[in-house]
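Just so we're on the same page: letters track the sequence lines, and every chain starts at 1. Keep in mind it's a predicted model, so treat the numbers as computed, not measured.
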Amino acid sequence: MPELPEVETTRRHLEAAVVGRRIVSAEIRHPRLARRQDRPADFSDRIAGRLVLRIDRIGKLLMKRLDGEVTWVTHLGMSGRVRLVAAGDAEEPHTNVVVRLDDGNEFRLVDPRTFGFVVALLPGEPGEGAWTSLGPDALDALPTSPRLARRLAGRSAPIKALLLDQGFLAGLGNIYADEVLFRAGVSPHRPGGSLSRDEVARIRAAIRPVLRAGLRHGGTSLADLAYLLPDGRAGDYLSRLKVYGRAGDPCRRCGDEIIRTVVRGRSTHWCPRCQT
DNA sequence: ACCTCCCTGGCC
DNA sequence: GGCCAGGGAGGT
């Protein structure tokens, strides 16, 4: 599923292919994808004819900066992926947003479960971070460990839940949160406020290497191939995962069995021997 | 802090 | 035919 490494991989593909292009037209095929726009028709009206100046990523959000101070925001939800193809190419099912560019290519948002969305924001409208009060980006703005420790102090929620909370830290999802906690050697069930300074430092130190490793491999495409790169290739970080999806398999470090528990309704994979 | 909902494909 | 996957919003 699209978490920070998958969104960043997508961003890099888009940056290479879309920056400098002008948007010819945009079409929302599935109205639910425009649910964050006050008036759904605004999306097409606001981005048509505009030049793509830059593409940023904040947490799991893609922010396309257009001329006229318009920002086109895309969130992939949990089943969304971007396809970048020639306009005439056959369309996959669940192609819910189509944006035509002036070079004959199309940006297509394919999202079976429609948890993703697009929105076009004008200056002064609530932008990045406004709807969820997004925390610092886990890759680009990772707080120092004393700072993280301060923000964890007094928190009774399990650390896994805090890592998934986009207001606490933006970008981690279920896969990479489990991988970070394994690398740090910390149990996902530990209350945030119970972590020692050293444990916080280990978690902090694990975050960027785990995200960068995912990034190097083009992200994680699970067996369902819900996530693919914009050119249709699969990311291959799946085979490198240490705990996610490996319940019942031996821990790659100690050989004990990886177990699956549930934290806040989310499946959680960890090694009870390596993570305390 | 907890629950429910949204939504569809894949699997048993 | 029912359950599961889960990011995020909303309600209590």
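- In the region residues 135-143 of chain A, proximity to DNA chain B at under 4.0 angstrom, judged on heavy atoms, holds for none of the residues.
- We find that OH of A:Y244 is positioned 8 Å from P of C:dA5, with the value rounded to whole Å.
- Distance CG (A:N174) to P (C:dC4): 15 Å, rounded to an integer number of Å.
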Can you give me the N/O atom pairs linking the protein to nucleotides 10-12 of chain C at distances under 3.5 Å, or say none if there are none?
none

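- Remark: A:A16 engages no residue in a side-chain contact (heavy atoms from CB on, under 4.5 Å) (not counting sequence neighbours).
- Using a distance-only test at 3.5 Å, with no hydrogens or angles considered, no donor-acceptor pair links the side chain of A:E179 to the main chain of A:L241.
- Put simply, NE2 on A:H189 is 16 Å from C1' on B:dA1, counting in whole angstrom units.
- Nucleic acid contact class of A:R36 (heavy atoms, under 4.0 Å, all strands): sugar-phosphate only.
- Between A:H75 and the phosphate of C:dG8, there is a side-chain N or O to OP1/OP2 separation shorter than 4.0 Å.
- Nucleotide C:dG6 holds its P atom 18 Å from the CG atom of A:L4, rounded to whole Å.
- Under a 3.5 Å cut-off, the side chain of A:Q166 and the backbone N or O of A:L164 do form a donor-acceptor pair.
- At distances below 3.5 Å, at least one donor-acceptor pair connects side-chain atoms of A:S44 with backbone N or O atoms of A:A26.
- Applying the salt bridge (charged side-chain N to carboxylate O under 4.0 Å, His left out) definition to pairs two or more places apart or across chains, those involving residues 11-33 of chain A are A:E8-A:R11, A:E8-A:R12, A:R11-A:E15, A:R21-A:D102, A:R21-A:D103, A:R22-A:D67, A:E27-A:R29, A:R29-A:E91.
- Side-chain proximity of A:Q166 to the nucleotides C:dG7, C:dG8, C:dA5 is greatest for C:dG8.
- Salt-bridge annotation for A:R39 and A:D45: absent, with no side-chain N of the basic residue lying under 4.0 Å from a carboxylate O of the acidic one.
- Checked for salt-bridge contact, A:R83 and A:D231 miss the test: no charged N lies under 4.0 Å from a carboxylate O.
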Inset, instruction - At under 4.0 Å between heavy atoms, which parts of nucleotides 7-12 of chain B does protein reach? Answer with one letter per nucleotide, 5' to 3': B base, S sugar-phosphate only, - none. - result: BBS---
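- Counting any heavy atom pair closer than 4.0 Å across all strands shown, A:A226 reaches no nucleic acid atom.
- Distance CG (A:D178) to P (C:dA5): 12 Å, rounded to an integer number of Å.
- Salt bridge status for A:R81 with A:D111: absent, with no side-chain N to carboxylate O gap under 4.0 Å.
- With hydrogens and angles disregarded, no donor-acceptor distance shorter than 3.5 Å links the side chain of A:Q275 to the backbone of A:P272.
- Counting only distance, with no hydrogens or angles, the side chain of A:T268 and the backbone of A:R266 share a donor-acceptor pair below 3.5 Å.
- A straight line from CD of A:E3 to C1' of C:dG6 spans 10 Å, rounded to a whole angstrom.
- Between the side chain of A:E3 and the backbone N or O of A:Y176, at least one donor-acceptor pair lies under 3.5 Å.
- The side-chain tip of A:R151 points at the ring of A:F168 from less than 6.0 angstrom away and within 45° of straight on.
- Side chain of A:R202 to backbone of A:A206: no donor-acceptor contact under 3.5 angstrom is found.
- Using a 30° and 60° split on the angle between ring planes, A:F107 and A:W72 fall in the perpendicular class, above 60°.
- Contact check of residues 257-271 of chain A against DNA chain C (heavy atom, cut-off under 4.0 Å) returns A:R260, A:R266, A:S267.
- The nearest whole Å value for the distance from the CG atom in A:L172 to the P atom in C:dG8 is 11 Å.
- In this structure, A:L222 atom CG and C:dC4 atom P are separated by 18 Å, rounded to whole Å.
- Nucleic acid contact class of A:Y227 (heavy atoms, under 4.0 Å, all strands): none.
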